[in-house]
Amino acid sequence: MTGTTIRLQGCRKAFSDGTVAVDDLNLTIEAGETLAILGPSGCGKTTTLRMIAGLERPDVGQIFFADSDVTRLPIERRDVGMVFQNYALFPNLDVAGNIVYGLKIRGLSPAERNKRCAELLELVGLQDHGKRRIHELSGGQRQRVALARALAPRPRVLLLDEPLAALDAQLRERLRSELDQLLRSLRITSVFVTHDQGEAMALGDRILVMERGRVAQMATPRDIYQQPANAFVASFVGNLNAFPVIEPTAHGLKVSGGELPWKGIPVPKTVYCRPEHLRVMDGAGHVRGRLVGQFFQGAQSRLLVDIGAEQPLLVDSADGVIHATGALIALAIEPHVLFTLHS
Ligand SMILES: Nc1ncnc2c1ncn2[C@@H]1O[C@H](COP(=O)(O)OP(=O)(O)O)[C@@H](O)[C@H]1O
Ligand SMILES: [Mg+2]
């Protein structure tokens, strides 16, 4: 299986009640790439996926698979496999029956279907489960069957809409890493919808962050986290500390609780940093505040430090030190971890 490039050009989709689900969407998904579409509920993720699938036609704009315009092709002529959150398996067929369903329609002989079915059962780790009934399977096994069924006809594109959302946390993590290996070994172009940032980071070669039907940012997980395009992206992917700037000083910026090292011009209204980039100091730091909360998270603790700003600072500390509530905490910040954002 090899994937195809997918290109959306100026796609817009409004529903009859006037809801604009997707607006002026322009993006290219490279052949063999896994794109994670991430965003809050209602931002247009599923609609985007359904337009790529051919289940929804854009009102405006075009969709290309490689060089061919597929905008008006229905799903059965697009060569896509699809996996949904809620399995959507046929309960009256056994596992094998579900997997070969699409192959039968495509006219494969029984011998070819059996061979392909055995390959897929092995691919998703369900050897010896071909004769099982769907209701005898766990949630994770059902989702593997759904994946095998989607892959059976060797599609050019695999589309997954929150495929792990219905599973419990531990299983979700295991299936996530299996899915990751599978997508990498198949080198199929895949688009994966999720509202879970951890999932998007783990599975996506790139992440498309959507906000109200539009592209907020499309980049690698690392770039999304380290160079978020705006405040929406930054606060949606990871946690964020905001320092409203009071005034510039000789060497930096005066903020509530202290002074930050900063050289940039013009003077920003607000500077930001991530919780893991604040370091708890024994003596002096750049900012000081009172500990108002401490949450043990295993490898690290999350501290809430009130510096007199609107929100307490979030500090992720791995030093294992337990502080008393109300203790004075000094925090150091390296200049390069501070950044500004477009609103
Ligand atoms: N068939 C539909 N009819 C009317 N509105 C819809 C329909 N499908 C989705 N919407 C609306 O379009 C917006 C985007 O929906 P959707 O793409 O499902 O978002 P997401 O998958 O990100 O949660 C939402 O406001 C949703 O209510
Ligand atoms: Mg959805």
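Counting starts at 1 for both ligands and their atoms, in listed order. Positions are given from 1 along the sequence.
Look at R214 and D23 and you find a salt bridge, because one of the NZ, NE, NH1 or NH2 atoms lies within 4.0 Å of a carboxylate O, short of that distance. Between E112 and K115 there is no salt bridge, since no side-chain nitrogen of the basic residue lies less than 4.0 Å from a carboxylate oxygen of the acidic one.
If you count the protein N, O or S atoms nearer to the Mg ion (ligand 2) than 2.8 Å, you get 1.
Residues satisfying the side chain to side chain contact (heavy atoms under 4.5 Å, CB included) test with S177, not counting sequence neighbours, are none.
Annotation for ligand 1: atoms under 4.0 Å from non-hydrogen atoms of T46 are 17 (O), 18 (O), 20 (P), 21 (O). Below 4.0 Å from some heavy atom of S41 lie the following atoms of ligand 1, by number and element: 23 (O).
Per-atom contact check: atom 5 (N) of ligand 1 touches the protein, criterion being a heavy-atom distance below 4.0 Å.
Closest to atom 12 (O) of ligand 1, if we only count protein heavy atoms, is A21 CB, 3.4 Å. Considering only non-hydrogen protein atoms, atom 26 (C) of ligand 1 sits nearest to T19 CG2, 4.6 Å. Shortest contact from atom 19 (O) of ligand 1 to any protein heavy atom: G44 N, 3.3 Å. The protein atom (non-hydrogen) at minimum distance from atom 13 (C) of ligand 1 is G42 O, 3.6 Å. For atom 2 (C) of ligand 1, the closest heavy atom belonging to the protein is F15 CD2, 3.4 Å.
Taking all heavy atoms of L49, T194, T47 into account, the minimum distance to atom 17 (O) of ligand 1 is reached by T47.
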